[in-house]
Structures are given as structure tokens and as C-alpha cells.
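Side-chain atoms are counted along with the backbone in the values below, which use heavy atoms only and exclude waters and symmetry mates.
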Amino acid sequence: MIRLGLCCLFRQAPIKFSATTARSLLRLDRDAQLARLDRLCLENTLALLAALEEVKRLGFGAFRVLSTLFPLYTHPDVGYQLEQLPSARQIFDILQQVRIRKEYYHLRLSFHPDQFVLLSSPRPEVTASSIDELVYQAKLAALIGADVINIHAGGVYGDKQAALERLAEQIEALPQAIRNRLTLENDDQSYSVADLLPLCDKLSVPLVYDVHHHRCNPDGLSVAAATSACLQSWQRVGREAHLHISSPKYGWGEEPKPHADFIDRADFPDEWLDLSATIDVEAKAKEPAVLRLKEQLALPDWPEKGANDG
DNA sequence: GCATGTCAAGTTGTG
DNA sequence: CACAACTTGACATGC
């Protein structure tokens, strides 16, 4: 059975995640900074709990948590630890409720660190800040029971093999909490499925297969072959596979990379119809897009009847 | 209220 | 050289 996943935000439900800027925080003294961050973190944690309810209500099976749930957490000047916040106890309580709901509804939670998280960079300061960010996301993932932290391989820096070797070294040295959640996704310009497979095989890193990126950045593998490689990489670690679907905003012409509001049914691979896997729907229209795809594929509400037993 | 400029971070390709 | 693209526009400010 396929479970569809919503990514990060809601367009219809009144569920909002709030942010702030470092610049505005820097005009405040530390106590005032922490007070404002406290309010944002508390609101966002409550919004995450509401998000799970809505995801379940809509019959979806997965939710991608936005990286900025705790705004500016790893920022060099205004960063903080949850324990420093006045409402820390309440925030941890709510996070635990998120985990309990997630288990009760059989939902799957994931993270997708943004483009600044690069383990292949030759610049040590880039790698160091990336690992800081991964430590933060892994801590949060452990608290709410998210099993996936999915990143791209990053830049090429003029030598793809050398970059892949740096990536492999960094992955091997990661703390367990990150290592056992880390996944690699093929991207739309540099690293294809074929590029990533040797590393995924060698280090038992699951491959998140993005078919839109694959179509933008082909590698000679068919969709069927890439799907099969993805499934195998997850089977090896005994976990449910994870894939991404999106459609091009302007069609498959000159500019296929930007994402459309909805998924074109024709872009959904036939090879995926019988999968038991999580498929994140990367569509600007958010819930309506996931709902439309769910209807077009005639998928039942998640969890399927019987999945809740035990 | 609403329009507009700005926002922590890296890398790549395009116009 | 500026800017968009990337999993996601939203915040802060000034009128």
C-alpha cells in the first residue's frame, strides 16, 4: 500500500508555522530574544501536533517536518538550546504527544535539511555547520519519532568522485542518531541515482528516489531500474522505502525544474502503483494536491483498514 | 491594511 | 554579473 506524504506546509487548513529573522532578534537583549523564541517554538510545536491531526484526517500517511520548526536554532549569533527556553518543559511535553500521535496513527515523519547542509564540501566550516544542523534535526527527530533525515549529495566542486569520497567519509563519521536516519536523494542537476548507488550500497544508506529529479537529470537508468534500486536500498536496512513525486510547473520543456501546484497523473510512474512505500508529494498546492493524487490513484485513507491492529 | 525590501547558511546554471 | 532554483515564502517595515 502506498502512503502519500504532505510536505511542510498547509494551504487550506489554518495551521501556520511562524518564523523570525536574526536581524530583528539582534536588536533585543538575550532575555527578550529567548522570550520571543520561546513563543515561536511553543506555537510551532503546537502547530506540529495540529498538523498530525490534519494529516490523519485527510487520510495521508506521512508528513515532512519543516527544518525551521525551531527558528534559528543553530544560528551562530542567536542560536539556543530548547532547555534555555522558559517553556521548555511544555515544549518537550508536546513533542512527546506528537510522537504518541504519530505512532497511534501509524504516520511516518521525515526531515529534509535545506540546501546549506552539505557533507561533500571541501570547506571544513561548511561541513561543520552542516553537522551542527544535522545534530539539531536528529535530536528533534528522536523526540518525535521521525526515521528519515534526507539530504542531497551537494556540490561537485569540479571532481565528482572526490566529492563523493568526502561525502562517504563524513557519513561514516556521523553520530549514530544521525547515521541511522540519514538518507540520500538524487538531485536535478549533479548527482543522479547511478552516481549515488555505489555509496548507498557500500554504506547501507537508503536512497530516496525523486523521479522528477531523475527526469531532469537522467543517468541511463529507467524509472523501473531506479525504483528497483531504491527499494533494494531500503530492503537492505529493513525499512519502508521513501520516494518523491512532483510535476514541472511549465511542462517538460526548457524549464522542467520548478514544481507545479498539482501532480500530473501522467507523471506518476506505473512502476509505483503497487509499492508499499512512502511517497512525498512535492506540490505547491499542498493538501489539495495530495488529495487529488490520492483520488486519481484510488488510494484508501491511511492507515488502511487493519493496519491499526497491534 | 497593504506594498515592498529583506531574510543565516552553498552551489550551480542561466540570462 | 545578478539572480533563480532548491523541500517551503514569510517577516519587518514604512506608507
Side-chain angles (χ1 to χ4, degrees), chain A residues 5-11 15-28 36-37 39-40 43-44 47-48 51 62-80 109-134 136-137 146 148-160 163 166-167 183-191 208 210-213 216-217 242-250 254-261 263 278-287 289-290:
Chain A
L6 178 71
C7 296
C8 306
L9 302 175
F10 293 79
R11 175 170 285 193
I15 298 173
K16 295 285 174 224
F17 296 96
S18 303
T20 186
T21 60
R23 178 199 277 260
S24 68
L25 280 182
L26 282 169
R27 289 187 307 221
L28 309 172
R36 181 140 148 218
L37 290 163
R39 183 177 57 76
L40 290 169
E43 285 175 6
N44 285 354
L48 178 60
F63 183 65
R64 180 187 301 173
V65 182
L66 76 174
S67 300
T68 53
L69 188 78
F70 297 142
L72 299 163
Y73 189 87
T74 59
H75 189 282
D77 299 322
V78 298
Y80 53 99
L109 299 176
S110 65
F111 287 85
H112 197 354
D114 56 31
Q115 59 271 35
F116 313 107
V117 173
L118 298 163
L119 296 180
S120 60
S121 175
R123 297 167 53 199
E125 70 273 21
V126 171
T127 310
S129 63
S130 297
I131 291 174
D132 284 350
E133 181 68 20
L134 289 171
Y136 148 65
Q137 298 206 15
V148 168
I149 299 176
N150 178 43
I151 63 171
H152 293 289
V156 172
Y157 313 95
D159 184 341
K160 191 178 275 188
R166 286 193 298 272
L167 174 62
T183 65
L184 286 172
E185 177 187 347
N186 62 303
D187 66 71
D188 57 13
Q189 63 190 15
S190 300
Y191 291 91
V208 171
D210 187 314
V211 70
H212 184 181
H213 291 165
C216 293
N217 181 23
H242 206 134
L243 305 89
H244 292 175
I245 183 77
S246 48
S247 280
K249 184 173 184 176
Y250 312 108
E254 293 295 299
E255 207 183 346
K257 292 177 185 177
H259 288 176
D261 285 350
I263 307 300
T278 304
I279 299 176
D280 277 354
V281 179
E282 295 179 340
K284 303 275 187 189
K286 299 297 162 193
E287 313 102 289
V290 184

Of C/dG9, B/dG10, C/dT7, the nucleotide closest to the side chain of A/Y157 is B/dG10
B/dG5 and C/dC3, which share atom name C1', separated by this distance in whole Å: 16 Å
Between NE2 of A/H242 and C1' of C/dT7 the distance, given in whole Å, is 11 Å
Heavy atoms of A/Y191 and A/A163 approach each other most closely as OH-CB, 3.2 Å
Among the nucleotides C/dC11, C/dA12, B/dT11, whichever has the atom closest to the side chain of A/S18 is C/dC11
**Asked** At under 4.0 Å, does any side-chain N or O of A/H75 touch on OP1 or OP2 of B/dC7?
**Response** no
A/D77 atom CG is separated from B/dC7 atom C1', nearest whole Å, by 14 Å
With a 4.0 Å cut-off on heavy atoms, is A/V156 in touch with a base, just the backbone sugar-phosphate, or nothing at all? sugar-phosphate
For B/dT11, take OP1 and OP2 only and decide whether either is under 4.0 Å from a side-chain N or O of A/S121.
yes
Margin query: Going by centres under 5.5 angstrom and planes under 30 degrees, do the aromatic ring of A/F116 and the base ring of B/dG10 stack?
Written below: no
Of B/dA8, C/dA5, C/dT7, the nucleotide closest to the side chain of A/H213 is C/dT7
Exercise. Indicate whether any N or O donor in one side chain lies under 3.5 Å from an N or O acceptor in the other, for A/H212 and A/D188.
Key: no
Atom CD of A/E43 and atom C1' of C/dA10 are separated, to the nearest Å, by 14 Å
| said: Distance alone, cut at 3.5 Å: any donor-acceptor contact between the side chains of A/H213 and A/E185? | reply: yes
Check: Hey, is the side chain of A/K257 poking within less than 4.0 Å of OP1 or OP2 on B/dT12, counting only N and O atoms?
Finding: no
Separation of C/dG9 atom P from A/K249 atom NZ, nearest Å, is 9 Å
Note: for A/R64 and A/S24 on DNA chain C, the residue whose nearest nucleotide lies more 5' is A/R64
*Euclidean distance for C1', C/dT8 against B/dC2 (whole angstrom)*: 23 Å
Stepwise side-chain contact (heavy atoms from CB on, under 4.5 Å) check, A/Y157 with A/S120:
CA-CA 9 Å; A/Y157 313 95; A/S120 60; 3.6 Å; yes
Q.
Can you see whether A/R36 engages A/S24 through a side-chain donor-acceptor pair at a distance of less than 3.5 angstrom?
A. yes
Just checking A/Q115: base, sugar-phosphate only, or nothing, at a heavy-atom cut-off of under 4.0 Å?
base
Practice prompt. Taking atom P in both C/dA12 and B/dA8, compute the distance separating them and give it to the nearest angstrom.
Written response: 10 Å
Atom CG of A/L66 and atom C1' of C/dA10 are separated, to the nearest Å, by 12 Å
Quiz prompt | Spacing of the C1' atoms in B/dG10 and C/dC11 (rounded, Å) | solution = 23 Å
With a cut-off of less than 4.0 Å, is there a side-chain N or O of A/K284 near OP1 or OP2 of C/dT8? yes
Which part of the nucleic acid, if any, lies within contact of A/L118, taking any heavy atom under 4.0 Å across all strands shown: a base, the sugar-phosphate backbone alone, or nothing?
-> sugar-phosphate
Closest of B/dT12, B/dT6, C/dC6 to the A/R23 side chain is B/dT6
A/Q189 has its side chain closest, among B/dG13, C/dT7, C/dT13, to B/dG13
Of the candidates C/dT8, C/dC11, B/dA9, the side chain of A/A19 sits closest to C/dC11
Symbol by symbol from the 5' end, with Watson-Crick or G-U pairs under 3.5 Å, [ ] crossing and | another strand, DNA chain C is ||||||..|||||||
Inset, instruction - Using a heavy-atom cut-off of under 4.0 Å over every strand shown, decide if A/H259 touches base, sugar-phosphate, or nothing. - result: sugar-phosphate
Of C/dG9, C/dA12, B/dG10, the nucleotide closest to the side chain of A/R123 is B/dG10
Practice item. Could you walk me through whether A/I149 and A/L134 pass the side-chain contact (heavy atoms from CB on, under 4.5 Å) test, one step at a time? Key: CA-CA 8 Å; A/I149 299 176; A/L134 289 171; 3.8 Å; yes
By ring pair (Phe, Tyr, Trp, His ring centres under 6.0 Å), A/Y80 pairs with (sequence neighbours left out) A/Y73
Inset, instruction - Would you indicate what A/P258 reaches in the nucleic acid, counting non-hydrogen atoms under 4.0 angstrom: base, sugar-phosphate, or nothing? - result: sugar-phosphate
- Message: Work out how far the C1' atom of C/dA4 is from that of C/dG9, and round it to whole angstrom.
- Response: 14 Å
Between the CD1 atom in A/I151 and the CG atom in A/L167, the distance rounded to the nearest 0.5 Å is 6.0 Å
Check your understanding: What nucleic acid atoms does A/H212 come within less than 4.0 Å of, heavy atoms only: base, sugar-phosphate, or nothing?
Key -> nothing
Side chain to side chain, A/V78 and A/T20, heavy atoms closer than 4.5 Å
no
Under 4.0 Å, counting only non-hydrogen atoms across every strand here, what does A/C7 touch: a base, just sugar-phosphate, or nothing?
nothing
Separation of C/dA12 atom P from A/L72 atom CG, nearest Å, is 10 Å
Taking OP1 and OP2 of B/dT11, is either one under 4.0 Å from a side-chain nitrogen or oxygen of A/H152?
-> no
note: A/E185, atom CD; C/dT7, atom C1'; distance rounded to Å ~ 8 Å
Closest of B/dG10, C/dC11, C/dG9 to the A/T20 side chain is C/dC11
From CG of A/L26 across to P of C/dA12 the rounded distance in Å is 13 Å
**Asked** Hey, do the aromatic rings of A/F111 and A/Y136 have their centres closer than 6.0 Å?
**Response** no
